[in-house]
Structures are given as structure tokens and as C-alpha cells.
Amino acid sequence: MRTLTLTFEEAIEICKALGHEQRMQIIRILTKGPQNVNELSEKLGVPFSTAAVNIKKLEDAQLISTEMVPGRGSQKVNTNRYDKIVINLKDDEPAEEKTYSIEMPIGEFVSCEVEPTCGLLSEDGVINMIDDPRAFYEPERKRAQLLWFRSGFVEYHFPNRIPYGAAVEELNISAELCSEAPYYKDDWPSDITCWINGKEVGVWISPGDFGGKRGFLTPMWWETNNTQFGLLKSWKINKEGSFIDGVKISDITIMDLDLESRPFVSVKFGVKQDAVNKGGMNLFGPKFGNYEQGILLNIRYD
């Protein structure tokens, strides 16, 4: 469960954003899944402009996120960022923190197997050579802000900071991803798989490789006829199973990952050789695309 924990003072702006019946209805509707503005307008029974104003208020409060996804042309789709909001009324007695988060740079992979088309970009330029898998073994790869390949995988080892004797309740992993097509192509599906500690926890079918319009963070030197941005996807594993963006996709549970007994947490993203949609993968760092993050791991324990 994605939880937003606030102090009493931090809650003031959030409460202002939620202090409106239509905005509360929007949050309630989005708990059932992503919606675009037209859909929300129809369900609320209000004009498009009214729905758009309320969505903007929730975006400004960082309670919902908006992504551009292909449809009939590109369209904005809104999603709840959190499942639960907790307000601590006693600042002098903060609740014990029982989570930890780590952001991993995308160039810090410990193992990889990639097939062309492939390559890595730093904030400043191309790392080594494009379409040469040997570039993925250059020391400079640690500076990568965008990497891509036609098939294969990249694997990361996150430090295990779970206290001895604690039981893990939930693991969340999020990253900005999309397919990999020549230049870019909105309609280019790809089966992108996530593995945790060697267990396949879910396949996300990326709808395409997005370009033609500059990503919010993408450097100006990288031309818009190339991949520009992806979609922020979240894998969650708990006692009930594995989920992508809140939708259950497998029965792999947190107990199956054997997290407590390992010195690190292995996270792997890739496109399998036998994938139905073998459309490659782009992975974005905090200085490319639309989201200022690398690969973010969050673990909640008891």
C-alpha cells in the first residue's frame, strides 16, 4: 500500500486540496483505476473545464499523477499516487519508521545481457558507441541517464537494510520505462518483465516507444525524433500477491522472495527471448524523460 505520512503542518495543504466534494469524488473514482479527464468529467456530471481545474488542484498537491499515453493520438491519464494518507498529530512522538527507500542510478547494474539495438546516454552525450553491447561494460556506464536494448536484461543489487528479526510486509519498485523502436513509435508493444530475487513478479506490456515531443527532463541535444520519455510503472509485492499499478498480476507473494536471508535485493528488468511482444526496453534516469528518479525501491517491514 502506497502511504503518504504527514506532520500536522504538512497536512494543511493536502486538506485544502481534499476540502472539496468533487475532488474527493475524483480520488474515489481513481482508486478503481486510471481515468482521463473526459471520463472523469462524465462520471462527475460536470463540464470538462471544471473537472480539469479540480484535477490540477490534486496534481499541485501531488495526490495524483498524470501521464501521456497513446490512444487516439496522445491523451493524459490520471492515477492516484497514494492508497492511504496518515497524519501524525503528535510531532513530539513520531511513529517509528518501519520502511526504507533507496534510489538506484540506472547505470549501477551489476549484470546485463543486451542485444542491439542498444545503447547508453549520459546527461552530456553517448557513452562509448550506440548498438555495441560492449558499451554496457564501460566504467562510464555508471553515468547513464538513459539505456535501451532490443532484448535481454539489466540487473541491480540493492542493499538489504531490513532489521534482523523483522518480517517484510511489502516491497515496491518503480521506474520510468517504455518500449524500444527505431527512433520512436507510439504503437510498438513490448513485454517488459520484472524479477525480484530471481522470481518473476509480473510482465508489463508497454504500449510503445514515446517521442516526437521532448520529455520534461530530456536534454536539448537529444533530438525529438528519438525516444523522449516513458511511463512510470510500479510493481508491488505483499502477502496477497504481486501487482502492477495496483492490479494483481501473479500469486508470487512477499514470502516467496526470501528477502530476509540475503545480503542484497536483486531487481532485474528485461525483455525475454520468447516474449510475445519482443519490442525492447528503454529505462530512464532522473535527467531524462518525465520523472526525476532512477529505480526506486521501498520496503515496509514489521
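FYI, the numbering just counts along the sequence from 1. In what follows, every heavy atom counts, from backbone to side chain, and hydrogens, waters and symmetry copies are set aside. Since the model is a prediction, treat every value here as computed from it, not as a measurement.
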>> My understanding is that only one of Lys142, His157, Arg141 makes a side chain to side chain donor-acceptor pair (under 3.5 Å) with Glu108; could you say which?
In response: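 Among Lys142, His157, Arg141, the one that satisfies the side chain to side chain donor-acceptor pair (under 3.5 Å) with Glu108 is Lys142.
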
Residues [X] and [Y] bridged, charged N to O under 4.0 Å:
X: Lys272; Y: Asp191; value: no
X: Glu115; Y: Arg150; value: no
X: Glu59; Y: Lys56; value: no
X: Glu180; Y: Lys185; value: no
X: Arg143; Y: Asp124; value: yes
X: Lys239; Y: Glu169; value: yes

Hydrogens and angles aside, do [X] and [Y] bring a side-chain donor and acceptor to less than 3.5 Å of each other?
X: Thr227; Y: Asp209; result: yes
X: Arg262; Y: Asn160; result: no
X: Lys43; Y: Gln35; result: yes
X: Asp256; Y: Thr253; result: yes

>> Run the ring-ring contact (aromatic ring centres under 6.0 Å, His included) test against Phe269 and tell me which residues pass, sequence neighbours left out.
In response: Trp235

> ring-ring contact (aromatic ring centres under 6.0 Å, His included) with Phe149: which residues, sequence neighbours excluded?
Replying inline: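 So Phe149 forms no ring-ring contact (aromatic ring centres under 6.0 Å, His included) with any residue.
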
> Are Lys98 and Tyr301 in a cation-pi contact, defined as NZ or CZ under 6.0 Å from the six-membered ring centre and within 45° of the axis?
Replying inline: no

> Run the side chain to side chain contact (heavy atoms under 4.5 Å, CB included) check on Ile192 and Val203 step by step: do they pass?
Replying inline: CA-CA 5 Å; Ile192 297 177; Val203 177; 6.0 Å; no

> In the hydrophobic clustering that connects Ile, Leu, Val, Met, Phe, Trp and Tyr at side-chain heavy-atom distances below 4.5 Å, which members other than Phe284 occupy its cluster, ordered by chain and number?
Replying inline: Leu121, Val126, Ile130, Leu146, Trp148, Trp221, Trp222, Phe288

